[in-house]
Amino acid sequence: MYDIAIIGAGIAGSYIARELTRYKLDIVLLDGENDVGNQITMANSAIVHAGFDAPAYKLKGKFNTTGNLMYDQVCEDLDVPFKRCGSLVVAHNEYEMATIHELYQNGLKNGVPGLKILFKEEVHAMEPHISEDICGALYAPTAGIVSPFELCIHAAENAVDNGVTLKLNHMVTAIDKINEHFKITTNCGEIEAKYVINAAGVYADDIYEMVGEPYFQLLARKGNYFIFDKEAGSLVNSVIFPCPSKKGKGILVAPTVHGNLLIGPDAEPVDKGDISTTTDRLDYIKQNALKNCPSLPFNKIIRSYAGLRNTPIKDTFTTTDGDFIIEESPVKGFINVAGYESPGLTSIPAVAHYVVEEIVKPLIPDIEENLDYNPKVRKHLRFDEMTEEEKVDIIKQDPKYGKVICRCETITEGEIIDVIHRSAGARTVKSVKKRCRAGMGRCQGGFCSPRVVEILARELNCSLDDIMYDQQDSTYILSGHTKSVKEEA
């Protein structure tokens, strides 16, 4: 029997698992997907928010600023790309400037450092390519950009290295409270644990209803995005937010940590699991992004995609007002980390610390500190970022680092093999893509995907037919043998 079972291996579940390994606990991390961070974490804005918008009385306000300030150390320990590029919330008129001043005052209450209200000339000096109509902005220097899926993957890897058992493709179908522990039924068998942490993202309400009477409900909202080629990556220097409305933060324009440009998202209520893109929603994003950045080069778009976020909604049986739900539930020993939307990515270092120190430890007061805990992951070799001397040295050590597989991103065979064999390693084409960016470039895997499939099959000692692009229930890339070279000849 495990001490703690965590359901959901997105950023919340993976990072909480890592934080729990500071103590001597037997932990299992479960997910129904065949990779960590394969749902909400995979497709979001990748923004580390400064913390000026969430009200101070909400958990979002409490954890955002604290989590933001932890990011430098977190990303150093987990070897994740992170940049404090700052953010601008821009205003087009006096009415929007009034909102800017409100955000500024709220940011001061939340303890956000360095906030400054800028006049038109200052804004355009910082961002020459934004609209001439902009008359002012709120500048937050602590805002940043990160790679969310790399953060999640490396947190899960670090958790596994520190003793967590990771079980992917374990879809939870039932949970029973038996005396002082829980029996979790999955499609791969039963798992027993003394305590459960529910970090199942948009499905967290469904998971909780397996064990207790519902007291919150989650609404799935879909957000569409565009990614531009690196040629457009320097169009803006900061994260550019429109002035927010009751509908949300609006369509942002932002650089990415890997040198691309991102615009999005919209917000559309959908059924859980719907990540389809539609022309009308993508057109909506283009039209609204142009209001703040009129020179967007839409001929440089290399990919469009959609992701989900989950928003707590209030009705006759809910107790939430759109805030995070982070608490021990009415079912003793069952902890909910739900309603985890923006600024969830930013807040996670602080939230995980809170869950462990303020919720778990009071439930298990006699737990011992893990003196062998190591917060750092093994460094990820990024060939394209090495000096010429370093490249020569690594190729001498392993010639596979001299074989470029992904030309767009200059990703080598050595890097792909490395991410396959790490803890929580890659098993699909997309999981390789998330870990080392093979297929993230201009051609989106058009040239390198066949080689990635071959490398996966060879390293995992399986047939080419067994390699999938992404999810367990997705179509296999290859359907079978057609003819041999001899037959063709």
Item to check | Y340 and S347: CA distance, side-chain angles, deciding distance, side-chain contact (heavy atoms from CB on, under 4.5 Å) verdict | outcome: CA-CA 10 Å; Y340 205 66; S347 303; 4.0 Å; yes
Item to check | Verdict with supporting geometry, E33 and Q39, side-chain contact (heavy atoms from CB on, under 4.5 Å) | outcome: CA-CA 8 Å; E33 296 278 351; Q39 293 246 343; 2.5 Å; yes
Item to check | Full working for side-chain hydrogen bond (donor to acceptor under 3.5 Å, both in side chains) between N224 and D266 | outcome: CA-CA 6 Å; N224 292 271; D266 57 344; 3.2 Å; yes
Checklist entry - Given D79 and R382, is the salt bridge (Lys or Arg N to Asp or Glu O under 4.0 Å) satisfied, shown in steps? => result CA-CA 11 Å; D79 192 25; R382 297 178 175 91; 3.2 Å; yes
Checklist entry - Given the rule in the salt bridge (Lys or Arg N to Asp or Glu O under 4.0 Å) test, do K116 and E122 qualify, once you have shown the distances and angles that lead to the verdict? => result CA-CA 11 Å; K116 185 179 180 182; E122 296 173 291; 3.7 Å; yes
Next on the checklist: Please evaluate residues E157 and V160 with respect to the criterion side-chain contact (heavy atoms from CB on, under 4.5 Å), reporting the C-alpha separation (whole Å), side-chain torsions for both, the decisive distance (0.1 Å), and the verdict.
Outcome noted: CA-CA 5 Å; E157 178 182 324; V160 172; 5.8 Å; no
Checklist entry - Where do V337 and I325 land on the side-chain contact (heavy atoms from CB on, under 4.5 Å) test, with the steps shown first? => result CA-CA 6 Å; V337 180; I325 301 167; over 6 Å; no
Checklist entry - Can you list the steps and then say if K430 with N38 is a side-chain hydrogen bond (donor to acceptor under 3.5 Å, both in side chains)? => result CA-CA 10 Å; K430 189 171 181 179; N38 222 30; 5.1 Å; no
Item to check | Criterion salt bridge (Lys or Arg N to Asp or Glu O under 4.0 Å) on D72 and K83, from CA distance to verdict | outcome: CA-CA 9 Å; D72 297 279; K83 181 181 180 182; over 6 Å; no
Next on the checklist: Go through it in stages, so that I can follow the logic: the residues are F241 and H49, the test is ring pair (Phe, Tyr, Trp, His ring centres under 6.0 Å), and I'd like the CA-CA distance, side-chain angles, deciding distance and then a yes or no.
Outcome noted: CA-CA 11 Å; F241 291 106; H49 294 278; 5.7 Å; yes
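At a cut-off of 3.5 Å, with distance as the only test, a side-chain donor of N68 or R84 sits close to an acceptor on the other residue. Looking at Q73 and D77, their side chains do bring a donor and an acceptor atom within 3.5 Å of each other. For the residue pair R18/Y15, the side-chain donor-acceptor check at 3.5 Å is satisfied. At a cut-off of 3.5 Å, with distance as the only test, no side-chain donor of S131 or N292 sits close to an acceptor on the other residue. Residues Y225 and S45 have side chains that bring a donor and an acceptor to within less than 3.5 angstrom of each other. Counting only N and O atoms by type, the side chains of T311 and E341 include a donor and acceptor under 3.5 Å apart. Side chains of N310 and K272: no donor on one and acceptor on the other come within 3.5 Å.
D31 places a side-chain N or O within donor-acceptor distance of the main-chain N or O of A9, the cut-off being under 3.5 Å. Between the side chain of H129 and the backbone N or O of L235 there is at least one donor-acceptor pair closer than 3.5 Å. T66 places no side-chain N or O within 3.5 Å of a backbone atom of A350 that could act as its donor or acceptor partner. Judged by distance alone, with hydrogens and angles left aside, the side-chain atoms of K222 form a donor-acceptor pair with the main-chain N or O of S276 at under 3.5 Å. With hydrogens and angles ignored, the 3.5 Å screen pairs no side-chain donor or acceptor of R22 with any backbone N or O of P375. At least one donor-acceptor pair closer than 3.5 Å links the side chain of E96 to the backbone N or O of H92. Remark: side-chain polar atoms of E127 are paired, donor with acceptor, to backbone N or O of N237 under 3.5 angstrom. A distance-only check finds a donor-acceptor pair linking the side chain of D398 to the backbone of K400 [under 3.5 Å]. Not one N or O on the side chain of H170 forms a donor-acceptor pair closer than 3.5 Å with the backbone of L30. A donor-acceptor pair is defined here as one N or O able to donate and one able to accept, closer than 3.5 Å; such a pair exists between the side chain of N288 and the backbone of Y284.
Here OG of S342 is found 7.5 Å from CG of N64. Values are rounded to the nearest 0.5 Å. One finds the NZ atom of K60 at 14.0 Å from the OG1 atom of T65 (value rounded to the nearest 0.5 Å). Separating the CG atom in N162 from the CD1 atom in I27 is a distance of 9.5 Å, to the nearest 0.5 Å. Separation of atoms CD1 (I335) and CG (N198) is listed at 10.0 Å; rounding is to 0.5 Å. Taken from OG1 in T41 to CD in E150, the straight-line distance is 13.0 Å, to the nearest 0.5 Å. Between the CD1 atom of I416 and the SG atom of C406 there is a distance of 7.5 Å, given to the nearest 0.5 Å.
For the pair L345/L151, a side-chain contact is recorded, criterion being any heavy-atom separation below 4.5 Å from C-beta on. A 4.5 Å side-chain heavy-atom check between R221 and E268 finds every atom pair outside the cut-off. A 4.5 Å side-chain heavy-atom check between V239 and L88 finds every atom pair outside the cut-off. Looking only at side-chain heavy atoms (C-beta outward), L115 and L138 come within less than 4.5 Å of each other. Looking at heavy atoms from C-beta onward, Y71 lies in side-chain contact with I348 at the 4.5 angstrom threshold. By the 4.5 Å heavy-atom criterion applied to side chains, I11 and P148 are not counted as neighbours. In this structure, the side chains of P242 and K291 stay at 4.5 Å or more apart for every pair of heavy atoms. In this structure, the side chains of I394 and L381 come closer than 4.5 Å at one or more pairs of heavy atoms.
Across all their heavy atoms, L29 and G8 have their closest contact at CD1-O, 3.5 Å. When all heavy atoms of C85 and S238 are compared, the closest pair comes out as O-OG, 3.6 Å. The shortest non-hydrogen separation linking I302 to G441 is CD1-O, 3.7 Å. Pairing each heavy atom of P255 with each of L261, the nearest pair is N-CD1, 4.2 Å.
Geometrically, K391 does not engage Y401 in a cation-pi contact defined by less than 6.0 Å to the ring centre and at most 45° from the axis.
D229 pairs with exactly one of K300, R442, R303 by the side-chain hydrogen bond (donor to acceptor under 3.5 Å, both in side chains) rule, that one being R442. In summary, of the residues considered (V452, V453, T428), a side-chain contact (heavy atoms from CB on, under 4.5 Å) with I467 occurs for V453 alone. For the side-chain contact (heavy atoms from CB on, under 4.5 Å) test with L252, the passing option among I47, V89, I240 is I47; the others fail. Among I153, I420, D418, the one residue that satisfies the side-chain contact (heavy atoms from CB on, under 4.5 Å) test with R435 is I153.
Note on D35 versus K433: no salt bridge recorded, every NZ/NE/NH1/NH2 to OD/OE distance being 4.0 Å or above. Between K58 and D323, no side-chain nitrogen of the basic residue sits less than 4.0 Å from a carboxylate oxygen of the acidic one, so the salt-bridge criterion is not met. For R458 and E413, the salt-bridge test passes: some basic side-chain N is under 4.0 Å from an acidic carboxylate O.
When ring centroids are compared, F63 and F324 stay outside the 6.0 Å threshold.
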